[in-house]
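Written out below as structure tokens is the structure these notes cover.
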Amino acid sequence: MDQLNIQWFPGHMTKARRMMQESMQSVDALCEILDARIPNASRNPEIDALAAGKPRLIILNRSDLADPAMTKRWKQYYESRGFAVLDCDARSGKGASVFAPAVRSILADRLEAWRGKGQVGRKLRVMVAGIPNVGKSTFINRVAGRKAAQAGDKPGVTRGKQWIAVDSGLELLDTPGILWPKFEDPEVGELLAVTNAIKAEVVDREALGARFLSRLCAIYPDAVRERYKIEAEEGENGYDLLEKAAQKRGFLISRGEYDIERMANTLLTEYHSGKLGRLTLETPPV
Ligand SMILES: Nc1nc2c(ncn2[C@@H]2O[C@H](COP(=O)(O)OP(=O)(O)OP(=O)(O)O)[C@@H](O)[C@H]2O)c(=O)[nH]1
Ligand SMILES: [Mg+2]
């Protein structure tokens with residue numbers, strides 16, 4: 001099956017990228033929110049340049065939908081590369097309470113220096129950045145303990161920047177989700193589309209579902225068997241698998257013809273809502 005060539009870098013992202021570059025000067029640290037199911041594909045390759053040497057923190061969000069053992073491995077992987085890493089389920093708020101203390105610990109030297117200069121009331125400012133729809137605004141609301149930023153389950157909800165006070169000494173900058181001009185590896189585009197970081201309208205959902213079902217059969221055959229009652233046989237491609245699953249679900253169009261597009265959409269929706277279980281799609285390099 002051919003790989004999908006998904007690209008999505010609309011004008012509002014170019015604008016947001018520029019705004020973030022400019023705002024970097026006025027923040028003390030950068031907090032990068034990743035999707036714990038795709039901790040590599042959800043990392044913006046431009047983020048190091050954006051961070052401009054500022055202290056960093058990585059949040060593995062949507063940990064409720066990711067395989068806990070894999071989240072642990074990814075956490076260790078990024079820690080071994082010098083990052084402070086937290087895992088979080090921003091929807092329920094699990095993991096959010098340790099964020100503010102973690103920021104203060106990373107920036108302890110700066111706080112100390114400010115104290116030395118008599119700047120006792122000075123606030124720490126942290127930019128929260130990440131791919132579209134990863135949960136940045138939901139995370140900020142959890143950390144702040146109130147609904148200050150607008151959130152919603154589609155990419156592109158946050159359009160401008162917004163400062164949100166967490167407490168008297170910490171402010172967070174909510175930013176629009178951004179991607180980058182080109183996905184060098186087409187698989188990255190597919191993983192971003194599967195996790196709803198890419199607007200559904202720019203994606204061939206049937207082709208994406210077919211490729212995704214093939215991938216799941218290879219890495220999580222038990223989860224597929226349990227949910228869709230199918231098994232991948234030698235020589236079957238993703239469309240064959242979608243058809244078998246559509247048949248099991250009774251998605252009949254006419255005699256002997258099954259609705260594989262409906263099945264593709266069902267699969268993608270069910271994966272996103274966690275109905276297949278907690279499945280992580282990437283393994284950390286060893
Ligand atoms: N299951 C689960 N859902 C989450 C989690 N965090 C956020 N969500 C959901 O993901 C959707 C997107 O959340 P937002 O906070 O709007 O995401 P965002 O990164 O601000 O998105 P943009 O502003 O569009 O870039 C919402 O429906 C949230 O409820 C999480 O940890 N687990
Ligand atoms: Mg947002």
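Atoms within a ligand are numbered from 1 in the order they appear, just like the ligands themselves. Worth saying up front: this structure is predicted, and the values here are computed from it rather than measured.
At under 3.5 Å, not a single nitrogen or oxygen of P155, backbone or side chain, sits near a nitrogen or oxygen of ligand 1. Looking at P176 next to ligand 1, no N or O pair under 3.5 Å apart turns up. Checked against a 3.5 angstrom limit, the closest N/O atoms of S63 and ligand 1 fall outside it. At least one N/O-N/O distance between A90 and ligand 1 falls below 3.5 Å. The shortest N/O to N/O separation between A151 and ligand 1 does not fall below 3.5 Å.
Close contacts of ligand 1 with L65, meaning ligand atoms under 4.0 Å from a residue heavy atom, involve 1 (N). The T138 neighbourhood of ligand 1 comprises atoms 7 (C), 13 (O), 14 (P), 15 (O), 28 (C), with distances under 4.0 Å to a heavy atom of that residue.
In this structure, K154 counts as a contact residue of ligand 1, since one of its heavy atoms falls inside 4.0 Å of the ligand. By the 4.0 Å heavy-atom criterion, G156 is counted among the residues contacting ligand 1.
Heavy-atom proximity to atom 16 (O) of ligand 1, evaluated over G152, A36, S137, is greatest for G152. Here the shortest heavy-atom distance to atom 12 (C) of ligand 1, taken over N133, D174, T175, belongs to N133.
None of the N, O or S atoms belonging to Q150 lies under 2.8 Å away from the Mg ion (ligand 2).
Side chains of T158 and S137: a donor on one and an acceptor on the other come within 3.5 Å.
Listed for the D28 side chain is no donor-acceptor partner under 3.5 Å among the backbone atoms of V126.
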